[in-house]
Amino acid sequence: MKRKYLSMAIGGILLAPAAFVQAQEQHAAGTQATQLDEVTVTARRRSESIQDVPVAVSAFGEEQIKDLQASTVEGLQGAVPNMNIAQGRGSANSVNVFIRGIGQPDALQTFDPGVGMYVDDVYYSRINGALFSLFDIQQLEVLRGPQGTLYGKNSTGGAIKLTTKNPFDNEGGAVEVTAGDYGRLEGRFYVSGKLSDTLAGSIAGAKITNDGYVKDAVSGKRYNDDDTEAFRAKLAYQPTDNFSAVLSLDTTKQDAALTLGRPMAPLLQTSLAPAGVIVLQPGETGEWNRRAQTSFQNGEGQYLKHSGASLSMNWDINEQFTLKSISSYRKLKTKSYIDIDASEYELGDVLVALDQNQKSQEFQLHYDNGSNLHATFGAYYMKENVPSYQEAYADDLFSFLGGKVPFLRTIDDDLTTTSTAAFAHVNWEFVPTWTVAAGVRWTKDKKDYDRSTSTFWGAPFASLDGTVAFDAKASWTAVTPSISLQKEFSDNLMGYVSANRGFKSGGFNGRANTVYDTQHAKFDPEYVWTYELGLKGSSADHRLRGTATAFYSNYSDFQARVSQDVGTFPVLNAAKLNIKGIELEGSALLGESTTLSAQLGWMDAKYDSFEDFRLDPSYAGYDPTVNHDHVPFSPDVTARVALQHAFSLGDNGSLTFGGDVSYRSETWLSVDNRKVLSQDAYTLLGAYGVWDSPQLTWQVRAGVRNLTDKQYKTEGQEFASVGNIQTAYYGLPRNWYVSVRYNF
C-alpha cells in the first residue's frame with residue numbers, strides 16, 4: 001500500500017508544474033476569469049509571489065477560508081499536506097498542531113509548542129487561546145519545516161501566520177449572521193475607514209455560540225459547546241511615506257461547558273484491601289452515540305480570557321534600509337475543568353487554571369539594494385510568566401474493604417521563561433537565475449520553575465498526606481542555520497534545495513508529583529535537521545499552477561511524556577526519528593468559471609530508536625501493551641480535492657457551488673500506540689453554495705460539513721497508569737449552516 005502511495009506521489013511531482021498549488025484564488029463573483037490570480041505571501045518577512053519563495057508554504061485569503069467552511073484554525077484540517085490540527089484534548093480553548101510529524105505531544109504549559117503561532121507577527125507561546133476565531137483575517141499562511149532565521153521565536157515543525165486586515169487597505173465593512181443546527185448562532189462584523197489623511201481605524205467583533213454536540217445520557221445536559229466573544233480594534237498611522245505604525249488591541253472571552261470524550265478502555269479501580277482490580281466500566285466499542293456522563297455535576301466548565309496589545313512600526317530609513325519594530329504584551333487566564341476519564345466516576349478529573357502573561361520585543365532591519373541582494377537582521381526578546389493552580393480528584397480510584405478512599409491532589413507551580421535571540425538572513429542572486437539564501441540564529445532560553453504538590457488521602461490513609469516541593473532553573477543555547485539554493489529555469493518554473501535546523505527548548509516536567517520525579521524533572525531540548533527539494537511552476541497562460549516538495553527530517557531527543565505508575569508521568573528524551581515525505585499542491589482554472597484545487601501529502605515517520613524503560617521485561621512495571629511502531633499524529637497520507645463553479649445570473653448576481661473531499665490514512669493519537677487510541681483511514685465530504693448580489697453588497701451562503709456524518713477520532717488522553725484511562729475525542733458530526741452577509 002505504501003508503495004502505491006509513493007508511486008502516486010512521485011508521478012504527481014512530475015505533473016505538478018502543470019497542475020496544482022494550495023492557494024485557491026479569489027475573483028469577483030460572476031466574472032469570466034482568464035487566469036489564476038497571483039498569490040502574495042510574507043513567509044520571508046516581505047511580500048513575494050508564492051511561486052518565488054523557496055519555502056513550503058500554503059496560503060489562504062478571506063474567501064478561501066470561507067470556502068474551507070472554517071470558523072476557527074481547526075478548519076484547516078485536511079487543507080494542508082502533512083499537517084494535523086485539532087482542538088486540544090478535553091479543552092474548548094486549545095489547539096494541537098503537528099506539521100510533518102512534529103508538534104507538542106503533551107498539552108501542559110511546561111512544554112513548548114513545536115509549531116509557532118503568530119498573529120500580525122506576534123508569537124503566541126501557549127496552545128491555550130490559540131484556537132483562533134477567523135473573523136477579521138486578511139490572509140493565513142502555513143509554513144512547513146523549521147523556522148527561526150526570519151521569525152521571532154524558533155520552532156521545529158513550522159509556523160502558522162495570521163494577518164489581520166489593515167485599516168488603510170480595507171475601507172468599508174461587513175456584517176454577517178450565521179445560523180445552523182446544534183443551536184449554532186454566530187454574528188460577526190468589521191468596520192474600517194480613514195479618520196484623516198494620515199489616520200485610519202478599524203473594529204471587528206464576533207459572537208459565536210452553539211449548544212454542543214455531546215449530551216449527558218441521564219440529565220440531557222449538552223457538552224462540547226461554544227460561547228465565545230472576540231473583539232479587535234486597530235489604529236493605523238501614516239504621517240509620511242516613509243513611516244507607518246499600527247496599534248492593535250484584542251480580547252477574547254470563552255465560557256463553555258465541559259469538553260467530553262469517550263472512554264475506550266475498561267476503567268479500573270485499585271482495591272488496597274483486599275488487593276486487586278475492580279472494573280468500574282468496560283471500554284466502549286462500535287459507533288458512539290455521542291452520549292456521555294461526567295462526575296462534574298455542579299455546572300463546572302471551561303473559562304478563558306485572552307487579551308493583548310501590540311504596536312508595529314516601520315521606518316524607511318532610505319531607499320535601501322527599512323527598520324521594523326514589533327512590541328507586544330499578552331495576558332491569558334484560564335480556568336478549565338476536565339473530566340479526563342469521561343465517565344461518571346472520579347478517576348482523572350482535574351481543574352487546570354493558568355494566569356499567563358507574556359511580553360515580547362522584536363527588531364528587524366531589512367536591506368534591499370533594489371537588484372540582487374536582500375538581507376534581514378533581527379533581535380528578539382520574550383519573557384513569559386505562567387503561574388498555574390491545579391487540582392486532581394480521584395475519589396473512585398482506590399477502594400478499601402469495599403469502601404471508597406477519598407483522594408485529592410493540589411498543585412501550585414510557576415514557570416518563567418526568558419528567550420533571547422539574534423538572527424540574520426541574506427538572499428543573493430549571485431548570477432542571473434541563481435539565488436542563494438543563508439541564515440543563522442542564536443537562541444538562549446532560560447527557565448525558572450517552582451512547584452509544590454500536596455496530596456490528601458481520606459480515612460484510613462490520612463497519614464499518607466504529604467507535600468513534595470522543588471525549584472529548578474536551567475538555560476539552553478543553540479545555533480540554528482539555514483541555507484537554500486534556488487534556480488529560475490524559466491519565467492514560469494523554479495526549483496530549490498534547502499537545509500534548515502530547528503530547536504525546541506528543554507524544560508521541567510509539569511507532572512512531577514513524587515520525590516523521584518522531582519529529582520528527574522529536567523528534560524533536554526529537541527533538534528531537527530530538515531532537507532528539502534522543491535519545484536514550483538505554472539503554465540504560460542497562468543491557468544495552471546503547482547508545487548511539489550520532497551523533504552527528509554532527522555529529529556533527535558524527542559520529548560515524550562509517558563505513563564509509568566499511579567500518578568507518575570516521566571518525560572524522556574526518548575527517541576530519534578527520521579521523517580521523509582512528499583507534498584503536492586495545486587490549482588487549475590477550467591474554462592472561465594470553474595476552479596479545481598488539490599493537495600496530496602505522503603509521509604513516512606519512523607523511530608530510529610525509542611528508549612523506554614517500561615519495555616524492559618526486568619522492570620517491575622513492564623507493559624507489553626505499549627509499542628512505538630507508529631509516530632503519533634503522523635498519517636502516511638493526507639489528501640484533498642476541491643471543485644468550485646460559478647454561474648452568472650446577469651442582473652440577479654451570481655451563484656457559486658463548491659465541494660471538497662478529504663482523506664486521511666490511519667492516525668495514532670498517543671505516544672504509547674495503544675490501539676484504542678488510533679483512528680482508521682477515513683474520508684470527509686463538504687459542500688456549499690453561495691449567492692452574490694450584482695454589486696457584491698449581499699451574500700447568502702449555505703453549507704454542510706461532514707456530509708456523510710462520518711465518525712472519527714481527532715485526539716486522545718492516555719493516562720493508563722491512572723485507572724487505565726484511555727479517552728478519545730471525536731470530530732464534528734454532520735452539520736449545516738446558513739449565513740447572510742452585508743458589505744458596505
Side-chain angles (χ1 to χ4, degrees), residues 26-28 37-49 59 61-63 65 118-122 134-141 152 161-176 188-206 230-251 307-330 360-370 374 376 378 693 695-699 741-744:
Q26 175 184 0
H27 54 82
D37 294 339
E38 182 178 2
V39 179
T40 300
V41 296
T42 57
R44 296 197 294 177
R45 291 299 180 101
R46 63 185 191 276
S47 294
E48 301 173 282
S49 168
E62 182 181 19
E63 290 301 310
I65 292 171
Y118 294 83
V119 178
D120 292 333
D121 290 333
V122 173
L134 305 175
F135 68 97
D136 66 338
I137 301 300
Q138 181 73 36
Q139 183 157 293
L140 191 157
E141 300 172 25
K161 286 184 40 133
L162 288 81
T163 302
T164 62
K165 295 179 179 179
N166 185 299
F168 275 112
D169 300 332
N170 294 275
E171 288 192 83
V175 178
E176 182 176 278
R188 292 176 170 84
F189 73 89
Y190 178 81
V191 181
S192 178
K194 289 186 177 180
L195 306 176
S196 69
D197 290 341
T198 61
L199 197 64
S202 67
I203 55 174
F231 179 84
R232 190 187 326 271
K234 298 180 79 171
L235 194 63
Y237 178 55
Q238 191 170 344
T240 64
D241 291 339
N242 64 352
F243 176 80
S244 63
V246 178
L247 174 66
S248 178
L249 305 172
D250 71 274
T251 186
S307 304
S310 66
L311 177 63
S312 177
M313 296 182 287
N314 283 274
W315 293 271
D316 291 331
I317 300 171
N318 54 39
E319 292 184 356
Q320 289 80 37
F321 285 96
T322 299
L323 180 64
K324 184 173 185 177
S325 170
I326 306 166
S327 307
S328 171
Y329 176 80
R330 302 209 59 79
S360 63
Q361 175 64 51
E362 182 173 355
F363 292 106
Q364 302 167 17
L365 180 64
H366 297 270
Y367 172 80
D368 191 337
N369 69 354
H374 185 279
T376 299
S693 66
Q695 303 302 318
L696 303 180
T697 303
W698 289 94
Q699 182 182 85
R741 180 185 178 100
Y742 175 68
N743 299 306
F744 56 88

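Heavy-atom basis, side chains included; hydrogens, waters and symmetry copies ignored.
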Side chain proximity check, Leu235 to Leu199, heavy atoms < 4.5 angstrom: yes
Just by distance, do the side chain of Ser192 and the backbone of Pro167 share a donor-acceptor pair under 3.5 Å? yes
Using 30° and 60° as the class limits, which term best fits the ring planes of Tyr237 and Phe243: parallel, tilted or perpendicular? perpendicular
Do Trp698 and Asn743 have side chains that get closer than 4.5 Å, going by heavy atoms? no
Run the side-chain contact (heavy atoms from CB on, under 4.5 Å) check on Val122 and Ile326 step by step: do they pass? CA-CA 7 Å; Val122 173; Ile326 306 166; 4.0 Å; yes
Tell me the salt bridge (Lys or Arg N to Asp or Glu O under 4.0 Å) pairs involving residues 164-174, sequence neighbours left out? Glu62-Lys165
Are any side-chain N or O atoms of Thr251 and backbone N or O atoms of Ser307, one a donor and one an acceptor, separated by less than 3.5 Å? no
Go through it in stages, so that I can follow the logic: the residues are Tyr742 and Thr697, the test is side-chain contact (heavy atoms from CB on, under 4.5 Å), and I'd like the CA-CA distance, side-chain angles, deciding distance and then a yes or no. CA-CA 6 Å; Tyr742 175 68; Thr697 303; 3.1 Å; yes
Note, Arg232 side chain near Phe135 side chain (heavy atom, < 4.5 Å): yes
From Ile203 CD1 over to Phe231 CZ, what is the distance, rounded to the nearest 0.5 angstrom? 5.5 Å
Once rounded to the nearest 0.5 Å, what's the spacing between atom CG of Asn166 and atom OG of Ser202? 8.0 Å
Among side-chain atoms of Asp136 and Thr164, is any donor-acceptor pair under 3.5 angstrom? no
When rounded to the nearest 0.5 angstrom, what distance separates CG in Asn318 from OH in Tyr367? 9.0 Å
Please step through salt bridge (Lys or Arg N to Asp or Glu O under 4.0 Å) for the pair Asp250 and Arg330, ending with a clear verdict. CA-CA 9 Å; Asp250 71 274; Arg330 302 209 59 79; 2.9 Å; yes
Derivation of the side-chain contact (heavy atoms from CB on, under 4.5 Å) call for Phe744 and Val175: CA-CA 9 Å; Phe744 56 88; Val175 178; 4.0 Å; yes
How long is the straight-line distance from CD1 of Ile137 back to NZ of Lys161, given to the nearest 0.5 Å? 12.0 Å
Distance-minimising heavy-atom pair for Ala245 and Leu311: CB-CD1, 4.5 Å
Only counting residues at least two apart or in another chain, list the ones meeting side-chain contact (heavy atoms from CB on, under 4.5 Å) with Asn314. Ser244, Ser312, Thr322, Lys324
Before you tell me yes or no, could you show the steps for His366 and Thr376 under side-chain contact (heavy atoms from CB on, under 4.5 Å), namely the whole-Å CA-CA distance, both residues' side-chain angles and the distance that decides it to 0.1 Å? CA-CA 5 Å; His366 297 270; Thr376 299; 3.1 Å; yes
Distance in Å, Phe168 CZ paired with Lys234 NZ, rounded so as to fall on 0.5 Å steps: 12.0 Å
Just verifying a value: how many Å separate Ser325 OG and Gln361 CD, rounded to the nearest 0.5 Å? 4.0 Å
Can you find a heavy atom in the side chain of Ile317 that is under 4.5 Å from one in the side chain of Leu365? yes
